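Inspection log for the structure reproduced underneath, given as structure tokens.
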Amino acid sequence: MQQMSNNGAVSKAYVNGTIFTADPNRVWAHAFGVRGNQIVAVGSDDEVIAEMGSDAEVCDLNATLVTPGFVDGHFHLLMTGEAQLRVDLVHAKNVAEIQTLVKAHAERHPHAPWVLGKSWLFEAIPGQTPTATMLDEVVADRPVLLDANDYHSAWVNTAGLRALGVTAETADPAGGRIDRDENGHATGFLEETAADQIAWAHLEHITDDSQRLDHLRAAIEGLNSSGITSVIDMGLNAAALRAMVVAESEGWLDVRVVGHWLMSREGSTDDHLAQVAEAARLFKEHQSERLRVTGIKFIVDGVIDGCTAHVKEPYANGTLAAPIWDYGALAPVVAAADAAGLQCALHAIGDAAVKTALDVIENASRVNESSGRRHRIEHIEYLDEADVPRFAQLGVTASMQPVHCDPAIQANWRQMLGEPRAARGYPSRELVDAGARVVLGTDAPTAPYAPLPNLFIATTRRSAFDPSLPANVPEFSLPLDDAIGYATANAAWSCFAEGDRGRIAPGMLADFVLMEPDVLASDPEVLLRAKILLTVVDGVQVYRAE
Ligand SMILES: [Zn+2]
């Protein structure tokens, strides 16, 4: 501390505040002091002013609530930035409104090779089938691509079909469909793997590094304005990492990133072990306070909405889905990663997938005689009661996304899973009560990332889109102060960052957020309209509300 002050680092005493520290040693305080990029004092106004000395600038917080900067426990940074730059069609009620928005977006971005949009709703389209002609009426000279709200299909104009090389001769890919007219000509609507393999693969292919930097910039700006100062990225690949390295070296990576390298299921165990070796190399190479590779990520199963999550008993429609990674494929790879000191994150949504994930982690710690690796399971939407205590026993982090259980998007989920299973959906409280360490995040861009509405859902189990809807299994709701801790201190712990972030305590990096009104002193509804006033990373303001 003394050293930093001798170096001439800026000292500030933030006084007269309502400080929620997320630090169990001292949950509340009135003041804290920052020297350089570090928090050096926490306490009463007098204590902090005395400790900071006469050279410190005193900042009056006017009783404003301060929390640690939020740490989103499950995020996709580049994808979120890409989505943020698209025109958002979720509020368009009909084709005319979609056309107006797309036309305006195209005019605002005259040099973009593609006009990109997202989140149109089927109920806005007559017969729920969009056509290229509808888009040609407003943009004919450039390709247009608009993703559906569920990210399972894409809508393109005629120039788009041409750019993608889709003709009457193009065959439907397995698991997908190109909509056609009576003459076999594509009409502009690509479903499932047709969207993925034809449209999205093409976009990924034509995206260059400078565009990725734009995506990253957009994501960081959005995150800072919503109070997020760190994310755990769950889909790191070479291109995304390259962009983050550039941002860090140029000094604008104003969100700390801890990344999990995304494992591809293709190939044999040898191929998978080669991916682990690559992740282990990146783990050694990237270890800064702003950018760190911590482990790998597996997508063990699919999702309940599409009946692709791996469950023990059939869905309401009678189907059962195999896992993407079964025990035999997963066990040797998780054990190798564990032996290499990598953290494993396993996307597991159905009860059978969650059991497999716990089993492979248990196996790894047995064969390696390891412990304390902080492996984690992502989503855990429905699990067997018998597996609940295993999280605490094995030291496995339960990484959950309250935004995914928003009652406004639950109808199909509940119908597919059926009762009594749906009554045990997203059991965050049950896991907490069984001693599991729960971490909150949003999985953006599959859901909005603003932390305060996410906390509203966590603490009420009601909808942030439509709070009048009935709560979704309200007995699983979390007390708000605990939930904030899960979105800050626990999320930091889950990626081995508890020593420098997630709490307002001496020795922590100076990442914090000011908001109003005081959400901890009000009804939970306040979380839906509270405002982030100021976001600080490393002691430096990265966002201030007008
Ligand atoms: Zn994800």
Side-chain angles (χ1 to χ4, degrees), residues 70-84 118-119 147 149-152 196 200 204 215-216 219 222-223 226 228 230-237 239-241 244 255 257-265 275 279 293-306 308-310 321 323-325 330 342-350 353-354 356-357 374-383 396-406 409 413 425-426 428 438-451 454 457-458 486-487 490-491 494-495:
F70 288 100
V71 181
D72 193 304
H74 183 130
F75 209 83
H76 300 272
L77 194 53
L78 271 284
M79 282 173 71
T80 297
E82 198 267 0
Q84 202 148 301
K118 62 172 179 184
S119 301
D147 286 343
N149 190 47
D150 63 6
Y151 283 91
H152 280 264
D196 183 22
W200 300 331
E204 176 63 26
H215 299 163
L216 185 54
L223 287 164
S226 63
I228 296 172
S230 290
V231 298
I232 303 178
D233 192 288
M234 280 295 167
L236 209 58
N237 59 28
L241 188 56
M244 294 167 189
V255 166
V257 183
V258 178
H260 284 254
W261 186 252
L262 185 60
M263 295 286 294
S264 161
R265 175 65 180 86
Q275 295 180 51
V293 174
T294 195
I296 54 177
K297 156 90 177 298
F298 299 89
I299 300 175
V300 178
D301 69 343
V303 296
I304 286 171
D305 270 321
T308 50
H310 185 38
I324 298 167
W325 290 84
L330 211 45
L342 296 173
Q343 284 191 272
C344 294
L346 299 107
H347 160 130
I349 285 184
V354 174
T356 300
R374 304 190 191 176
H375 298 312
R376 43 195 294 151
I377 302 183
E378 306 302 311
H379 310 311
I380 321 165
E381 294 187 2
Y382 171 68
L383 85 164
V396 172
T397 298
S399 171
M400 306 185 82
Q401 299 75 37
V403 272
H404 285 169
C405 77
D406 188 305
I409 55 166
W413 190 99
Y426 312 91
S428 41
V438 167
V439 163
L440 300 183
T442 61
D443 196 18
T446 71
Y449 56 72
N454 196 35
I457 303 169
Y486 305 158
N490 272 17
S494 77
C495 63

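The shown structure was predicted, so the numbers you read here are calculated from the model rather than taken from an experiment. One-based numbering, in listed order, for ligands and for the atoms of each. Numbers for residues simply follow the sequence, beginning at 1.
Expressed to the nearest 0.5 Å, how far CD1 of Ile349 lies from CD1 of Ile299 amounts to 9.5 Å. Residue Leu346 holds its CG atom at 8.0 Å from CD1 of Ile296, rounded to the nearest 0.5 Å.
Within the protein, the N, O or S atoms sitting under 2.8 Å from the Zn ion (ligand 1) are His74 NE2, His76 NE2, Asp443 OD1.
Taking the ring pair (Phe, Tyr, Trp, His ring centres under 6.0 Å) definition, one finds that His347 meets it with His379, sequence neighbours left out. Judged as a ring pair (Phe, Tyr, Trp, His ring centres under 6.0 Å), and not counting sequence neighbours, the contacts of Trp325 are His272, Phe298. With sequence neighbours excluded, no residue forms a salt bridge (Lys or Arg N to Asp or Glu O under 4.0 Å) with Asp305.
Residues Glu381 and Trp413 are in side-chain contact: their nearest non-hydrogen atoms beyond the backbone lie under 4.5 Å apart.
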